[in-house]
Every structure is written in C-alpha cells, then in structure tokens.
Number of protein chains: 2
Amino acid sequence: MNIGQAAKASGVSSKMIRYYEQIGLIAPAHRSEAQYRTYEDADIHTLRFIRRARDLGFSVEQMKTLLALWHDRGRASGDVKAIALEHIAELDRKAAAIAAMTATLRHLASNCHGDDRPDCPILADFADAPPEADLPEVSARFGRANLG
Amino acid sequence: MNIGQAAKASGVSSKMIRYYEQIGLIAPAHRSEAQYRTYEDADIHTLRFIRRARDLGFSVEQMKTLLALWHDRGRASGDVKAIALEHIAELDRKAAAIAAMTATLRHLASNCHGDDRPDCPILADFADAPPEADLPEVSARFGRANLG
DNA sequence: GATAGACCTTCCCATCATGGGAAGGTCAAG
DNA sequence: CTTGACCTTCCCATGATGGGAAGGTCTATC
C-alpha cells in the first residue's frame, strides 16, 4: 500500500502521515525500491488509532503516550485512564471558557435592537468595560480555537 | 505614555500592541524624538476595546470590523449584532464539538477500571473504532484549541 | 558627568497541527 | 512513448502569542 491508499484507509491525510513520521509519532515506513513509503495492515491499524485519538482532541504528545501504552502489553489501565481524565478536565475548562463568552455575548446581543439605528450596547460595552483582572481562574482569554 | 504603560493600562501586552500595529488593526502610534511609541488616553481606550473583544473570543479580523463600526458614528447596530450572533454560533459549534468529545471520553473512562490491570476499554476503542465519516456535520475533528 | 538599570527599538524564531504548492521522480494504462 | 496519477523532498503559510538577542535611550544615583 502506498501512502495515498493508507490515507484513505485510515482517514489520516498523506501530509499528516509524513508529518507524524517526521516527528517520531510513528515509525519510519518501509520503502519500496523507488523510495515510496509502503504500509501494511498493522500500520493502518496504528493510523486509525491515531485518527481516533485525534478526533477526541488528544494532542500529539498525548498520542505518543497512548501509543506507547497501547504497545505495552503489561501497561496499567490506570495510566490510560489518568490521561483520559486529565484531557476531559482540559476540555471542560475550554467548554467553561466558551460558555462564559457566549453568556456575555448573548446578554449583550439581546439588548441590541439590531436595526438601522447606530445605538449599540455591544460596542458600548466593548468601549467601556473595565479592564479585566489579568489572570482570572478560568480565563476567558484565549486564542482563536481552531474548532472550525 | 510609553508602550509599557499603555500595556499595563490596557491589559494588552507590549508585544501584542506592536503586533496589532504591524498588521494594521490599530494606527501606527505617534513617536517621540527617540522613536519611542507614545500613547494618549484615546489610544488606551481603543486598546481596551480590543482587549475586551479578544476576551470574548473575537478574531483579529472580526475586531477590525468591530473597530471600524465603532468609529463609524452612523453605523447600524444590526451590523454589529450580526457579527456577534455569527460569533456566538461559531462558539456554540465549538462547544458542541467539545461536548461530543467529553461525552465519548467519559463513557470510555467510566468503563475503564483504572487500576494495575492492563485491560483497558479506552485503548480498545481507539484500536477498533471504525474510521469516522470524513466530514461529519458537526466535526469532532479539530486541532488543539489553545484555550489554556 | 558617569554609570547602572529599566526601558525602548527592530529582527528573528518558536509554538501546534495542518495544508498548499513547486520541482522532480515513478508507475501503469493506453 | 506519452499521459496522468501518483510519489518524493523542501519551503512556506496559517493565528495569536511569547522569547530573546543586539543595540539605543532615559533616569536616578553617586
């Protein structure tokens, strides 16, 4: 199997397969005589594992650990569960930050008549809200999440 | 006021103030004889506006539009509200994606005894879950959101 | 005045996961 | 033997942010 077939079979793009190889998440693929990467069923299995973990929001670093645990027949399930729980906690934090933002925005938007008149409580809030404390517990400060 | 004071007064770091100037989100600051950027109260006001919008998760592009509307005395509040509502919708999509992930993860984790035994339904799922359809309606596929 | 230290400047690099695209090699079908 | 689909490597871009180096400026203290 060439990389294109492997990509289709696993749901991981060719680009990402090469990238994962480059950063050491997966072992270097075997090569054909012409230096084409070749993949066996076991490799596809690994790529699907990665795809699944990625879909669940795990970082490459976490996937490295999970793959290592997967390949370790004697691993403790507690180790895996700990990573999962930590990740859940992180996702919950992100969800809370988003919920805080949408709550504020919904409030502001509901007070904005949203017609041709220039009067707008949303802009008024942006212009006059006092500067937030620099490091709130659950920070509402964060970059644009690429959850698109 | 120098950039450091402006940063403290606005809650936007010096680095980001320079960056916002560079990408044209804010006008180039006036300069002292020694080429130091100087800031007036009106500039701080603008920076706080930006800080507030950023805290509510707006992208730089959206902030550009919001700033333009803010400076346009005759703008229609409907234009502002539309941006806010679109942003709310996007945040809701992200929240839904996160909720889907946590639901799955919580389910898997609850079935994992999490002790010294190697048997682990989390890894079993990762290894055997069928590849997802490539483009689900509310995609669970996304990069790591930097909502830290 | 001189010097120390806090500030400022520009410039480059890193993040994280992902894709785009160029230049060139390979393979299979017609 | 050509065409087109594939593969290779290499470089660049994203978005918002920070780190840090090399060098200039300002201010307070001796």
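Source: prediction; values computed, not measured. Values reported hereafter were calculated over all heavy atoms of this structure, with side chains retained and with hydrogens, waters and symmetry mates removed. So that the names make sense, note that chain A is the first sequence line, chain B the second, and so on, each numbered from 1.
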Just the table, please: protein N/O against nucleotides 9-11 of chain D N/O, every pair under 3.5 Å.
| from | atom 1 | to | atom 2 | distance (Å) |
| --- | --- | --- | --- | --- |
| dT9(D) | OP1 | Arg31(A) | NH1 | 3.4 |
| dT9(D) | OP1 | Arg31(A) | NH2 | 3.0 |
| dT9(D) | OP2 | Arg37(A) | NH1 | 3.0 |
| dT9(D) | OP2 | Arg37(A) | NH2 | 2.9 |

Suppose we screen for side-chain hydrogen bond (donor to acceptor under 3.5 Å, both in side chains). Which residues come up paired with [X], at least two apart in sequence or across chains?
| X | answer |
| --- | --- |
| Arg75(B) | none |
| Glu21(B) | Arg37(B) |
| Asp43(A) | none |
| Glu40(B) | none |

Could you pull out every donor-acceptor pair under 3.5 Å between side chains of residues 97-110 of chain A and any protein atom, sequence neighbours left out?
| from | atom 1 | to | atom 2 | distance (Å) |
| --- | --- | --- | --- | --- |
| Thr102(A) | OG1 | Ile98(A) | O | 3.2 |
| Thr102(A) | OG1 | Ala99(A) | O | 3.0 |
| Thr104(A) | OG1 | Ala100(A) | O | 3.2 |
| Arg106(A) | NH1 | Asp92(B) | OD2 | 3.4 |
| Arg106(A) | NH2 | Asp92(B) | OD1 | 2.8 |
| Arg106(A) | NH2 | Asp92(B) | OD2 | 3.0 |
| Ser110(A) | OG | Arg106(A) | O | 3.4 |
| Ser110(A) | OG | His107(A) | O | 2.8 |

Tell me: [atom1] of [X] to [atom2] of [N], nearest whole Å?
| X | N | atom1 | atom2 | value |
| --- | --- | --- | --- | --- |
| Glu61(B) | dG15(D) | CD | C1' | 11 Å |
| Leu25(B) | dA16(D) | CG | C1' | 12 Å |
| Ile17(B) | dC8(C) | CD1 | C1' | 13 Å |
| Gln22(B) | dG15(D) | CD | C1' | 13 Å |
| Ile23(B) | dG15(D) | CD1 | P | 9 Å |
| Met1(B) | dC26(D) | CE | P | 18 Å |
| Met16(B) | dG18(D) | CE | P | 7 Å |
| Lys94(A) | dC16(C) | NZ | P | 12 Å |

- request: Can you label the angle between the Phe126(A) ring and the Phe58(B) ring as parallel, tilted or perpendicular, going by 30° and 60°?
  value: perpendicular
Would you list the atom pairs, donor with acceptor, under 3.5 Å between side chains in residues 23-32 of chain B and any protein atom, with sequence neighbours excluded?
| from | atom 1 | to | atom 2 | distance (Å) |
| --- | --- | --- | --- | --- |
| Arg31(B) | NH1 | Gln35(B) | O | 2.7 |
| Ser32(B) | OG | Ala34(B) | N | 3.3 |
| Ser32(B) | OG | Tyr36(B) | N | 3.1 |

query: What salt bridge (charged side-chain N to carboxylate O under 4.0 Å, His left out) pairs are there with at least one residue in residues 117-128 of chain A, not counting sequence neighbours?
result: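 For residues 117-128 of chain A: Asp115(A)-Arg117(A), Asp125(A)-Arg52(B).
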N or O in side chain of Tyr20(A) less than 4.0 angstrom from dA17(C) OP1/OP2: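 Answer no for this pair, as no side-chain N or O of Tyr20(A) is under 4.0 Å from OP1 or OP2.
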Side-chain N,O (Ser13(B)) to OP1/OP2 (dG18(D)) below 4.0 Å: yes
message: Within the 4.0 Å limit for protein heavy atoms, which parts of nucleotides 25-30 of chain C are touched? Write it as a string from 5' to 3', B for base, S for sugar-phosphate only, - for none.
response: BBS---
field: Over 12 foreign heavy atoms within 6.0 Å of CD, Gln5(A)
entry: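 Above 12, so yes.
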message: I want to confirm an ordering. Mapping Tyr19(A) and Ser14(B) to their closest nucleotides on DNA chain C, which one lands closer to the 5' end?
response: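 This one resolves to Ser14(B).
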